[in-house]
Amino acid sequence: MRCPLLLVLVLGLGLVGCASPSVREEQSVRSYLRAPGDRAEARVVDLRAAIERGSVPPGTRLALVHHASRLGVGVDADGLLTVEAGENPGAASFLAAYRQLVALPERAATTAASRTMLVVLVDHTRQRDVRADFAATVASPLLASGWYVVPPEITSDLLDLIGGPVAGLQAGVIDPAALRVLGERGVVACLVLEVRDFWLHEAVVVETARFDLSYTLFATDSGEILWEHPVDGSYERREPLAPFGAGDDTFFYPSSLGAAFTDAVDFVRAVNRSVLRSVPPPTAVLAPQRADGTR
């Protein structure tokens, strides 16, 4: 059943707030994805600064290793990935597979159950900013649900490195063989986010928007759909028809008394967070892993 966009955004209002470290990180990712060739070095600088500040979200060290290796910038890749695996045991099997892809020293295998998710964004609109806005804001709510998310900014590179049947995933071809290949590399779930239509009009703030999206979470070992959430609808910023009452949500009647989406990424962030807050945690959808690493 499709969910009207207005309802989706109402559900997510409590998750939209002022700028925070996570929002600043999204802004850095967004800038990089809009112009990877021009912003790659700046992205490395931002990642290094974030790590130096401490308390970095999962995936930050992996993103730094990946970008630095592509640029030929010297970093302690082995040490960074070792810390990443130590802080995120659910990502250890994926990180071991990543080491093989980029020819880094191997580490002892782990028996910890994998919680690694890979997000594939399929953008049918072909708009550069749409891809950047959705990819930059998709990981945070998934991390909050207990998943280890492969940084979406490196997903295309990673699928190219793996090669074979996974190439079709970027075009929205969900091949069970491709999912199994991801599973063999420690990815236990693949979220496919399809943007079939996206349009908005903004002046000072977002005035109107329309959406046609689908979010589908697949188990890589079986191809089973673990969760799905289609969304289509529209949003319109409008003035209240009557004075605000005690139960009115001023967010959607923003006039001079309420808030408004300040730009496109602010709006996309609200959509992603309000939909993805219902993604089940890995413990709810994944079978326990046996000591030999199988399920």
Inset, instruction - Could you check R53 against E25 for salt bridge (Lys or Arg N to Asp or Glu O under 4.0 Å), going step by step and ending with a plain yes or no? - result: CA-CA 12 Å; R53 288 194 297 268; E25 167 65 8; over 6 Å; no
Inset, instruction - Could you check I225 against F218 for side-chain contact (heavy atoms from CB on, under 4.5 Å), going step by step and ending with a plain yes or no? - result: CA-CA 5 Å; I225 294 177; F218 294 90; 3.7 Å; yes
Inset, instruction - Tell me, with the steps shown, if Y215 and V279 meet side-chain contact (heavy atoms from CB on, under 4.5 Å). - result: CA-CA 10 Å; Y215 299 73; V279 170; over 6 Å; no
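Checking each of Y235, F198, W199 against F211 for a ring-ring contact (aromatic ring centres under 6.0 Å, His included) leaves exactly one that passes, namely F198.
Taking the side chain to side chain donor-acceptor pair (under 3.5 Å) definition, one finds that R99 meets it with D78, T82, sequence neighbours left out. By the side chain to side chain donor-acceptor pair (under 3.5 Å) test, H201 pairs with no residue at all, sequence neighbours left out. Scored by the salt bridge (Lys or Arg N to Asp or Glu O under 4.0 Å) test, D129 finds R34 as partners (sequence neighbours excluded). With sequence neighbours excluded, the residues that form a salt bridge (Lys or Arg N to Asp or Glu O under 4.0 Å) with R39 are D46.
Without hydrogens or angle criteria, R185 side chain to V181 main chain gives a donor-acceptor distance under 3.5 Å. No donor-acceptor pair closer than 3.5 Å links the side chain of N88 to the backbone N or O of G90.
Two residues are said to be in side-chain contact when any heavy atoms from C-beta on lie closer than 4.5 Å; V195 and R131 fail this criterion. Contact annotation: the side chain of R61 never approaches that of L47 to less than 4.5 Å [non-hydrogen atoms, C-beta and beyond]. Side-chain contact between L158 and L118: present, with at least one pair of heavy atoms (C-beta onward) separated by less than 4.5 Å. Proximity of V206 to D266: side-chain heavy atoms (C-beta onward) are nowhere separated by under 4.5 Å. Side-chain contact between P152 and F134: absent, with no pair of heavy atoms (C-beta onward) separated by less than 4.5 Å. Contact annotation: the side chain of T116 never approaches that of S93 to less than 4.5 Å [non-hydrogen atoms, C-beta and beyond]. Contact annotation: the side chain of R269 approaches that of V23 to within less than 4.5 Å [non-hydrogen atoms, C-beta and beyond]. Between V265 and Q27 the shortest side-chain heavy-atom distance does not fall below 4.5 Å.
Counted within 6.0 Å of CD on E41, heavy atoms from surrounding residues, nucleotides or ligands total 12 or fewer; the atom is thus considered open.
Interatomic distance, CG of L276 versus NE2 of H229, reported as 9.0 Å (0.5 Å rounding). Between the OG1 atom in T125 and the CG atom in D197 there is a gap of 8.0 Å [rounded to 0.5 Å].
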Considering only distance and modelled atom types, tabulate donor-acceptor pairs under 3.5 Å from the side chains of residues 166-177, sequence neighbours left out.
| unit_1 | atom_1 | unit_2 | atom_2 | d |
| --- | --- | --- | --- | --- |
| Q170 | OE1 | S156 | OG | 2.9 |
| D175 | OD1 | A177 | N | 2.9 |

Going by atom type alone, with no hydrogens or angles, which donor-acceptor pairs under 3.5 Å involve a side-chain atom of residues 135-151 and a protein atom two or more places apart or on another chain?
| unit_1 | atom_1 | unit_2 | atom_2 | d |
| --- | --- | --- | --- | --- |
| T137 | OG1 | D133 | O | 2.9 |
| T137 | OG1 | N272 | ND2 | 2.8 |
| S145 | OG | P141 | O | 3.3 |
| W147 | NE1 | P280 | O | 3.0 |
| Y148 | OH | E84 | OE2 | 2.6 |

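Linking ILVMFWY side-chain heavy atoms closer than 4.5 Å, directly or via other members, places L182 and L191 in two distinct hydrophobic clusters. V130 is connected to V275 through a chain of hydrophobic side-chain contacts under 4.5 Å among Ile, Leu, Val, Met, Phe, Trp and Tyr, so both are in one cluster. When hydrophobic clusters are built by joining Ile, Leu, Val, Met, Phe, Trp and Tyr residues whose side-chain heavy atoms come closer than 4.5 Å, directly or via intermediates, V83 is not grouped with F94. Hydrophobic clustering (ILVMFWY, side-chain heavy atoms < 4.5 Å, transitive): V285 and V187 are in distinct clusters. Linking Ile, Leu, Val, Met, Phe, Trp and Tyr residues whenever their side-chain heavy atoms come within less than 4.5 Å leaves V119 and L62 in two separate clusters.
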